[in-house]
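This report concerns only the one structure given below.
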There are 2 protein chains.
Amino acid sequence: MKTTVGDWTESFLGTRNLLRRVRDKLLHEARVVSYKQGQQVFGPDNIPDSLMFLHVGRIRVSQSSDAGREIVLYRVEAGESCVLTTACMLSEEAYNAEGIAETDVTAITLPRTSFDRLAAEEDSFRGFVFSAYSRRLIDLLRVVDDVAFGRMDVRLAERLLALGEGHSEIQATHQALANELGTAREVVSRILNDFQKRGLILQTRGRITLQNKPQLEILANSA
Amino acid sequence: MKTTVGDWTESFLGTRNLLRRVRDKLLHEARVVSYKQGQQVFGPDNIPDSLMFLHVGRIRVSQSSDAGREIVLYRVEAGESCVLTTACMLSEEAYNAEGIAETDVTAITLPRTSFDRLAAEEDSFRGFVFSAYSRRLIDLLRVVDDVAFGRMDVRLAERLLALGEGHSEIQATHQALANELGTAREVVSRILNDFQKRGLILQTRGRITLQNKPQLEILANSA
DNA sequence: TTGCGTTAAGTGACATTGTCACTGAAGAGT
DNA sequence: ACTCTTCAGTGACAATGTCACTTAACGCAA
């Protein structure tokens, strides 16, 4: 079933209590775009010229070093907007972050002129954009805090718990976890082996089982 | 000589090409605030309820860990706005960054309702705010990149060059430099002693002389 | 099923950075 | 000259990052 701008506008109106007349404006000027899981949505060599609002799926925004290391900055969930592209567009500065579709993704793009006009005319739309910016700023503060001051074992425990929420099986390679945290695979291996020795987890190739969540939580909160 | 809202509006109009009618709006609703050098402008326990635009001076925005370490996120210069407070206000989330007046500071505050209205009515004002957000987002990307992937000696060399721009004498304690970079004093001492052995700098208590800028630049660019 | 190629994970040595508990040194004020 | 306070130095150790490998697990095809 094909997603339409109307579908999104509907859900957007629902979650954001936008005035009904916003709908018509959006319907005329927005366009639907799709990405397959794993595709790059934006990146240094792929700077979009319109604003993006995520309708379905999840986008992982990460930054990578020239040495090949990588760190996840945040994730854009359905209903949110991707302000980094907006930021880049508006300030016309370079950045070296990229967005990868973590699932199949459907998004709505709004040309810059439409964005400007909507931001001018609709309070709730403008509020949505401002608060999207704010949330990301605060996300980044958290990342800085973690990276600058946090211990790696604590951060890893946090991620494991987050990834294993609801269940206890995590499908992720050590390399993938290292890319989440901005560290090296060897470091993750070291810490996970330690966790295993302590009975906190079980490991098989590409899969981790959380064995003792309470203890992991204690560790994760011992920031 | 006392600064007035008019003074600021004048310079703001100048730098931002705002429409002239913005002036009147600002004149009625903005208020001037001042801080002495070293005073906290905002912080976790001191969340402002209005938006701030810096007229004179410089604000250092930093984040600190509970272990007492500290890292500078960016600096707000005259003519810029302090979006972090805005972000916090709009999203009503907690953060643990603080702003310190690095010089005597004069700023203009705008109540939230005025901010909303101006953002709605004046394109250039809105554009100013959006691009302020964008700049900070990108600043933070840079910080994340540095902290996650950068070498400490390289980062320190960068700072020294930045602080010694135009001259070659820097007045800063090792502790202060550590707080810039989010590391420990001992680490800075170690690296500076190494720099000195290599003839890149000279040190006396509380003061560093850049002896060999070209070499420092090579180091700083060997990211 | 056996072998092969690919990807994931383990290992040990070493470099860098962070932490701790100190000691020593330089300047400010009396 | 004698304190006080602040700044910087030191050595041992822990945590993290890097490198150059080796070993193991799985997917697939002969």
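Each chain gets a letter, A, B and so on, in the order its sequence line appears, and its residues count up from 1. Given the structure is predicted, the values throughout are model-derived calculations rather than measurements.
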Within this structure, what is the [atom1]-to-[atom2] distance between [X] and [N], rounded to whole angstrom?
X      : N      : atom1 : atom2 : answer
A:L202 : C:dA9  : CG    : P     : 15 Å
B:L192 : D:dC7  : CG    : P     : 15 Å
B:I191 : C:dA15 : CD1   : P     : 16 Å
B:Q203 : C:dG27 : CD    : P     : 13 Å
B:R69  : C:dT17 : CZ    : P     : 12 Å
A:Q196 : C:dA9  : CD    : P     : 12 Å
B:I71  : C:dG18 : CD1   : C1'   : 14 Å

Starting at CD1 of B:I208, measure out to CD of B:Q203 and round the result to the nearest 0.5 Å.
->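 Answer rounded to 0.5 Å: 5.5 Å.
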Reported CD-to-CD distance for the pair B:E186 and B:Q175, which is rounded to 0.5 angstrom =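 Spacing of CD (B:E186) from CD (B:Q175) equals 8.0 Å.
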Is B:D139 paired with B:R142 through a side-chain N to carboxylate O contact shorter than 4.0 Å?
->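 No, no charged N to carboxylate O under 4.0 Å.
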Before accepting this row, confirm whether a basic side-chain N of the pair A:R190/A:D194 lies closer than 4.0 Å to the acidic partner's carboxylate O.
->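 Judged by the 4.0 Å cut-off on N to carboxylate O distance, A:R190 and A:D194 do not form a salt bridge.
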Begin with the C-alpha distance, continue with both residues' side-chain angles, and end with the deciding distance and a verdict on side chain to side chain contact (heavy atoms under 4.5 Å, CB included) for A:M52 and A:V41.
-> CA-CA 10 Å; A:M52 239 181 35; A:V41 177; 3.6 Å; yes
State, to the nearest 10°, the angle formed by the axis through the first five base pairs of the helix from C:dT1-D:dA30 to C:dT30-D:dA1 and the axis through its last five.
->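 Answer for the end axes of this duplex: 10°.
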Looking only at side chains, do B:E169 and B:T209 share a donor and an acceptor under 3.5 Å apart?
->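 Distance-only check passes for B:E169 and B:T209.
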Report the residues that fulfil side-chain hydrogen bond (donor to acceptor under 3.5 Å, both in side chains) with B:R159, sequence neighbours left out, ordered by chain and then residue number.
-> B:E180
Would you say a side-chain N or O of B:R207 is under 4.0 Å from OP1 or OP2 of D:dC7?
->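 Answer is no, no contact under 4.0 Å.
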Are B:Q215 and B:R198 side-chain neighbours, meaning at least one heavy-atom pair lies under 4.5 Å?
-> no
Pick out the pairs of N or O atoms, protein on one side and nucleotides 23-25 of chain D on the other, that lie under 3.5 Å.
| from | atom 1 | to | atom 2 | distance (Å) |
| --- | --- | --- | --- | --- |
| D:dA25 | N3 | A:R205 | NH1 | 3.1 |

Specify the residues of residues 173-183 of chain B, ordered by number, for which at least one heavy atom lies under 4.0 angstrom from an atom of DNA chain C.
->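 Hits under 4.0 Å, by residue number: B:T183.
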Those residues of residues 151-164 of chain A lying under 4.0 Å from DNA chain D by at least one heavy atom | A:R151, A:M152
For A:R69, does the CZ atom sit with more than 12 other heavy atoms under 6.0 Å from it, leaving out its own atoms?
->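 Yes - once you tally the heavy atoms of other residues, nucleotides and ligands closer than 6.0 Å, there are more than 12.
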Protein-nucleic acid N or O pairs under 3.5 Å, nucleotides 11-13 of chain C:
none

Nearest-nucleotide 5' precedence on DNA chain D, A:A67 against A:T204 |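 Between the two, 5'-proximity favours A:A67.
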